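Below: the structure, in structure tokens.
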2 protein chains.
Amino acid sequence: MPLGRPRAFDIDKALDRALDVFWRKGYEGASLPDLTKAMGINRPSLYAAFGNKEALFRKALDRYAEGPAGYVFEALNEPTARAAVERLLFGGIDLVTDPRNPHGCLMVHGALACGEAGDCIRQELASRRAAGQTALRKRFERARAEGDLPPDSNPADLARYIVTVMHGMAVQAASGASRKQLRRVAETALRAWPA
Amino acid sequence: MPLGRPRAFDIDKALDRALDVFWRKGYEGASLPDLTKAMGINRPSLYAAFGNKEALFRKALDRYAEGPAGYVFEALNEPTARAAVERLLFGGIDLVTDPRNPHGCLMVHGALACGEAGDCIRQELASRRAAGQTALRKRFERARAEGDLPPDSNPADLARYIVTVMHGMAVQAASGASRKQLRRVAETALRAWPA
DNA sequence: CGACTATTGTACTAATTGGTAAAAAATTCC
DNA sequence: GGAATTTTTTACCAATTAGTACAATAGTCG
């Protein structure tokens with residue numbers, strides 16, 4: 001039980017609200033009034049609890065990775081590369097078209113192009129996307145070593161291809177594509193999968 | 001020869017500079033000082049010549065569509081659907097990785113997520129992307145009617161798939177992917193093409 | 001109760017945002 | 001050489017940006 005006046009809001013719920021705002025408007029597009037209003041707190045409370053806008057975004061990003069985007073880790077643990085890819089694609093579609101959330105992917109459109117103020121976050125997102133791609137490549141390398149993928153397949157190329165399709169689908173979702181439409185995209189994309 | 005004091009700058013060159021700034025920073029991320037500095041003019045000249053920031057962006061967008069993105073029209077005029085798709089993919093890669101330009105696609109990351117101020121441009125970009133996808137679908141419908149695509153192929157799905165890959169590659173390019181890497185992505189994507 | 005500690009609300013700051021008023025300057029028309 | 005017209009320059013505006021100082025408040029500890 002901490003000392004001093006108790007915090008009057010649920011810090012996790014507030015973070016969820018902040019995540020929602022960043023998800024919908026991006027890092028630079030989300031203003032502090034937007035955030036504080038959605039979080040139901042005033043500005044000094046935000047700064048006391050989260051640091052500043054950038055730190056708040058990073059915490060929201062962590063929450064995004066562990067929560068909504070958590071399916072990625074499960075996908076990588078599927079027994080076969082094919083199963084992993086299917087789960088990645090269809091799980092990703094469910095995420096970026098979830099009616100309860102803003103459509104699209106925070107890691108893609110949180111800060112894809114921005115002014116100097118957001119450059120640091122832009123790089124952070126790019127490096128997280130790259131990390132995801134690397135994890136997938138490693139999964140494919142393992143699959144090839146296990147005979148799950150043919151010896152002439154290229155894990156790096158496959159990983160980049162799958163990630164490219166996923167990012168493209170995030171753009172599609174942000175533009176209003178439906179879950180059904182994206183599932184057909186995923187099925188088409190899977191036709192490129194090595195036999 | 002127009003009346004009054006002659007304009008001291010080349011309006012087309014200025015627009016090219018503005019396009020470059022928007023391309024690199026996005027609509028909201030590009031500030032007026034960014035723009036005027038790059039264009040080499042001061043603010044009232046910008047407003048007199050282009051209207052306002054939004055009108056300037058729209059003109060830059062038109063220029064983008066006719067100039068750098070002009071390959072799309074040529075691609076759609078290729079004799080076969082397969083040739084059109086290849087030209088679309090590899091031409092798009094050349095565009096989004098052109099060392100002379102900011103990496104990525106203005107129509108994708110010009111305003112993917114933003115505050116209320118940019119919402120109008122966000123919709124404009126989404127509708128232009130949709131228009132491109134529709135044009136591709138029509139091209140595929142024609143191809144199927146001509147026997148160039150198998151009767152059981154789905155033009156709408158194929159168009160959405162190709163556009164998705166292209167948008168994904170734009171994200172990849174904005175994150176630093178090389179031309180060579182994206183060409184391998186395109187080759188992988190083409191394995192999904194109907195025989 | 002009183003000391004201590006942390007959060008809250010209000011009010012503020014300095015810088016930046018997009019946009020403009022008004023005068024000076026450069027050209028054409030008569 | 002004016003009069004008319006348009007662009008340039010400088011200076012400004014109101015609104016918004018992220019961030020903070022400070023006093024009031026609400027708790028725990030002794």
Side-chain angles (χ1 to χ4, degrees), chain A residues 1-15 17-18 21-22 24-61 110-111 113-122 124, chain B residues 1-15 17-18 21-22 24-61 110-111 113-122 124:
Chain A
M1 42 289 293
L3 221 59
R5 177 170 177 171
R7 182 176 282 126
F9 62 95
D10 181 332
I11 198 166
D12 285 324
K13 279 204 183 300
L15 187 53
R17 301 284 177 78
V21 174
F22 282 131
R24 186 170 11 244
K25 302 192 165 190
Y27 174 63
E28 281 192 329
S31 72
L32 279 178
D34 288 337
L35 292 164
T36 54
K37 194 190 293 183
M39 298 164 86
I41 64 181
N42 45 33
R43 213 175 298 218
S45 296
L46 188 155
Y47 278 82
F50 301 101
N52 60 9
K53 188 184 176 183
E54 184 181 323
L56 174 62
F57 183 86
R58 290 194 140 88
K59 290 190 169 96
L61 195 53
C114 53
E116 281 95 28
D119 211 69
C120 178
I121 295 297
R122 206 196 88 248
E124 165 85 17
Chain B
M1 43 286 290
L3 219 62
R5 177 168 176 172
R7 183 175 285 125
F9 63 95
D10 181 332
I11 198 167
D12 285 323
K13 279 205 183 301
L15 187 53
R17 301 284 176 79
V21 174
F22 282 132
R24 186 171 10 244
K25 302 192 165 188
Y27 174 62
E28 281 193 329
S31 72
L32 257 73
D34 287 337
L35 291 164
T36 53
K37 194 189 295 182
M39 299 165 84
I41 64 180
N42 45 32
R43 214 175 299 216
S45 296
L46 188 157
Y47 278 81
F50 300 101
N52 60 8
K53 188 184 176 183
E54 184 181 323
L56 174 61
F57 183 86
R58 289 194 142 89
K59 290 192 169 95
L61 195 52
C114 51
E116 281 94 30
D119 211 69
C120 178
I121 295 297
R122 205 196 89 249
E124 165 84 16

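Computed from a prediction, not measured in an experiment: that's the story for all the values here.
- What separates CD1 of B/Ile41 from P of D/dT10 is a distance of 15 Å, to the nearest Å.
- The outermost nucleotides of DNA chain C lying under 4.0 Å from heavy atoms of chain B, listed 5' to 3', are C/dT17 to C/dC29.
- Using a 4.0 Å cutoff on non-hydrogen atoms, the parts of residues 42-54 of chain B near DNA chain C are B/Arg43, B/Pro44, B/Tyr47, B/Asn52, B/Lys53, ordered by number.
- Considering all non-hydrogen atoms of both residues, B/Lys53 and B/Ala30 come closest at NZ-O, 2.7 Å.
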Test A/Leu15 against A/Asp10 for side chain to side chain contact (heavy atoms under 4.5 Å, CB included), laying out the working first.
CA-CA 9 Å; A/Leu15 187 53; A/Asp10 181 332; over 6 Å; no

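- Between B/Ser31 and B/Pro6, it is B/Ser31 whose nearest contact on DNA chain C lies nearer the 5' terminus.
- Whole-Å rounding puts the B/Leu32 CG to D/dT16 C1' distance at 15 Å.
- Using a 30° and 60° split on the angle between ring planes, B/Phe57 and B/Tyr27 fall in the perpendicular class, above 60°.
- Looking at B/Lys25, its side chain never comes within 3.5 Å of a backbone N or O of B/Ser31 through a donor-acceptor pair.
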Determine, stepwise, if the pair A/Phe50 / A/Met39 fulfils side chain to side chain contact (heavy atoms under 4.5 Å, CB included).
CA-CA 12 Å; A/Phe50 301 101; A/Met39 298 164 86; 3.5 Å; yes

Side chain to side chain contact (heavy atoms under 4.5 Å, CB included) between B/Ile41 and B/Leu35: does it pass, once the steps are laid out?
CA-CA 9 Å; B/Ile41 64 180; B/Leu35 291 164; over 6 Å; no

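- Residues B/Cys114 and B/Arg122 come closest through the heavy atom pair SG-CB, 3.9 Å.
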Taking it one step at a time, do A/Glu124 and A/Arg58 satisfy side chain to side chain contact (heavy atoms under 4.5 Å, CB included)?
CA-CA 9 Å; A/Glu124 165 85 17; A/Arg58 290 194 140 88; 3.2 Å; yes

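- Remark on DNA chain D: of its neighbouring residues A/Glu28 and B/Pro2, the 5'-side contact belongs to B/Pro2, judged by nearest-heavy-atom nucleotide.
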